[in-house]
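See below for the structure under consideration.
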Amino acid sequence: MQERHDERPSLPDVPNTAEGIADFTGDLYDRYRASDLYKPVVVAVDGPAGSGKSSVSRAAAKALGFDYQDTGAAYRAFALHAVQQNVDLDDPAAVVKTLPTFAYEIGIDPDDHYVRVDGVDVTDEIRTPRVTASVAHVAKLPEVRHYLVDLFRGIIAGTSKPGIVTEGRDITTVVAPNAQVRILLTASEEARMARRSAEITGQSAEETARQLSKRDQQDSKVVDFMTAAEGVTTLDSTNLDFDQTVQAVVELVRSIATAPVAEG
Ligand SMILES: Nc1ncnc2c1ncn2[C@@H]1O[C@H](COP(=O)(O)OP(=O)(O)O)[C@@H](O)[C@H]1O
Ligand SMILES: Nc1ccn([C@@H]2O[C@H](COP(=O)(O)OP(=O)(O)O)[C@@H](O)[C@H]2O)c(=O)n1
């Protein structure tokens, strides 16, 4: 017992904030990682389409030295996979049957984000309006959700960084309800539509707004991402610019997250 204790980093040397953990490298960090005290900081971010979840989470992860997981990418990639298997998306049994052949890879380093299916890079393809319009068909199926929730938890558990920011619709409630930091990122419908239509070319602002509103409606039948669950901090970015929103997330993580060594 004494021997095991000696292998642990001495408590006064271990930083107890996320900022400190991000700087916590080298031999001390290796020893900490190898010990049974190790538990990365998990930051869960939910919110509606266009609220800034992906871009803000990625930039915040980068600032914190954390990994970043975009869960919407997996729902999108799975919808693409099902379409590529010539499956009728309105046939739940046929869609579910394609889960075992879904060879999904995601880059969780915020500086090296990619999504691959069957070894093929689909990072851009999964953002096309065609895929966006088909995601709800697969995301509403409980079997698909269970399968992907397990996959997301595995990725969170496998991070090699001091923490991981994971964003989606049900991260604060289903995927990681015990995350140290849980955020609901919101913005007015008007702001979200303006941000989305500024991104999408080749489609009118009205059409983008119509699609976004339809998708919010479909998605909210499956999970409630418009109201914060107990213990979840709401961050309204309507009147914040991008950098201010990232800063707010980073500050929240630094104020809430403590290293497990400090908890124990
Ligand atoms: N606070 C903000 N102010 C202005 N633009 C923002 C803000 N947050 C995000 N954006 C921009 O809005 C767009 C949509 O953000 P995105 O991260 O794709 O949202 P989501 O993942 O929630 O759908 C992106 O172009 C992003 O740069
Ligand atoms: N945790 C999640 C993440 C996404 N999704 C589904 O995947 C779709 C695409 O998610 P996304 O995060 O890429 O969408 P945007 O908010 O970026 O537009 C959503 O419209 C949901 O149908 C989900 O059901 N649960």
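First listed ligand is number 1; within each ligand, the first listed atom is number 1. No hydrogens, no waters, no symmetry mates; every other heavy atom, side chains included, goes into these values. What you see is a predicted model, and the numbers here were worked out from it, not measured in a lab.
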### Task
Examine Gly52 against ligand 1 and note whether any of their N/O atoms are separated by less than 3.5 Å.
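The answer is yes, given that Gly52 and ligand 1 share an N or O pair closer than 3.5 Å.
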Practice problem: Please indicate whether any nitrogen or oxygen in Ala49 is less than 3.5 Å from any nitrogen or oxygen in ligand 1. | Solution: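 Among all N and O atoms of Ala49, none is under 3.5 Å from an N or O of ligand 1.
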Anything under 3.5 Å between a donor and an acceptor, one on a side chain of residues 224-234, the other on a protein residue two or more places apart or in another chain? List them.
| unit_1 | atom_1 | unit_2 | atom_2 | d |
| --- | --- | --- | --- | --- |
| Asp224 | OD1 | Met226 | N | 3.1 |
| Asp224 | OD1 | Thr227 | N | 3.4 |
| Asp224 | OD1 | Thr227 | OG1 | 3.2 |
| Asp224 | OD2 | Thr227 | OG1 | 2.4 |

Counting heavy atoms only, which part of [X] comes closer than 4.0 Å to ligand 1: side chain, backbone, both or neither?
X	result
Glu167	neither
Pro48	backbone
Asp241	backbone

> So does Asn239 have more than 12 non-hydrogen atoms from other groups sitting under 6.0 Å from CG?
Replying inline: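 Counting other residues, nucleotides and ligands, CG of Asn239 stays at 12 neighbours or fewer.
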### Message
Closer than 4.0 Å to some heavy atom of Ser55 - which atoms of ligand 1 meet that?
### Response
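Here the atoms of ligand 1 in question are 9 (C), 15 (O), 16 (P), 17 (O), 26 (C), 27 (O).
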Check your understanding: What atoms of ligand 1 come within less than 4.0 Å of a heavy atom belonging to Leu240?
Key ->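 That gives atoms 1 (N), 2 (C), 3 (N) of ligand 1.
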TODO: Name the closest protein heavy atom to atom 24 (O) of ligand 2, giving the residue it belongs to and the distance to 0.1 Å.
DONE: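 Of every protein heavy atom, Arg145 NH1, 2.8 Å lies nearest to atom 24 (O) of ligand 2.
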How far is atom 19 (C) of ligand 2 from its nearest protein heavy atom, and which residue and atom is that?
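Heavy-atom neighbour on the protein nearest atom 19 (C) of ligand 2: Asp219 OD2, 3.3 Å.
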Next on the checklist: Side chain or backbone, does Glu167 bring an N or O within less than 3.5 Å of an N or O on ligand 2?
Outcome noted: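 No; every N/O pair is 3.5 Å or more apart.
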What I want to know is whether Asp70 and ligand 2 share at least one N or O pair that is separated by under 3.5 angstrom.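 No, Asp70 has no N/O under 3.5 Å of an N/O on ligand 2.
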Could you check whether any heavy atom of Asp170 sits closer than 4.0 Å to an atom of ligand 2, since that is the contact criterion I want to use?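 Distance cut 4.0 Å: Asp170 passes for ligand 2.
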I'd like to know whether ligand 2 has Arg196 as a neighbour, heavy-atom separation below 4.0 Å.
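Arg196: in contact with ligand 2 (<4.0 Å).
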* What pairs meet the side chain to side chain donor-acceptor pair (under 3.5 Å) rule with one or both residues in residues 43-54, with sequence neighbours excluded? ->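 Non-adjacent pairs meeting side chain to side chain donor-acceptor pair (under 3.5 Å): Asp46-Thr172, Ser54-Glu167.
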**Request:** With atom 4 (C) of ligand 2 as the reference point, say which of Ala133, Ala77, Ser134, Gly72 has the nearest heavy atom.
**Result:**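 That would be Gly72.
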Practice item. Look at atom 13 (C) of ligand 1 and find which of Gln244, Arg192, Glu199 reaches it with the closest heavy atom. Key: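 Among Gln244, Arg192, Glu199, the closest heavy atom to atom 13 (C) of ligand 1 belongs to Glu199.
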- Item | Numbered atoms and elements of ligand 2 in range of Gly168, under 4.0 angstrom, heavy atoms |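 Heavy-atom distances to Gly168 below 4.0 Å select 1 (N), 3 (C).
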Lys/Arg-Asp/Glu bridge criterion (N-O < 4.0 Å) met for Glu199, Arg196: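 So Glu199 pairs with Arg196 through a salt bridge.
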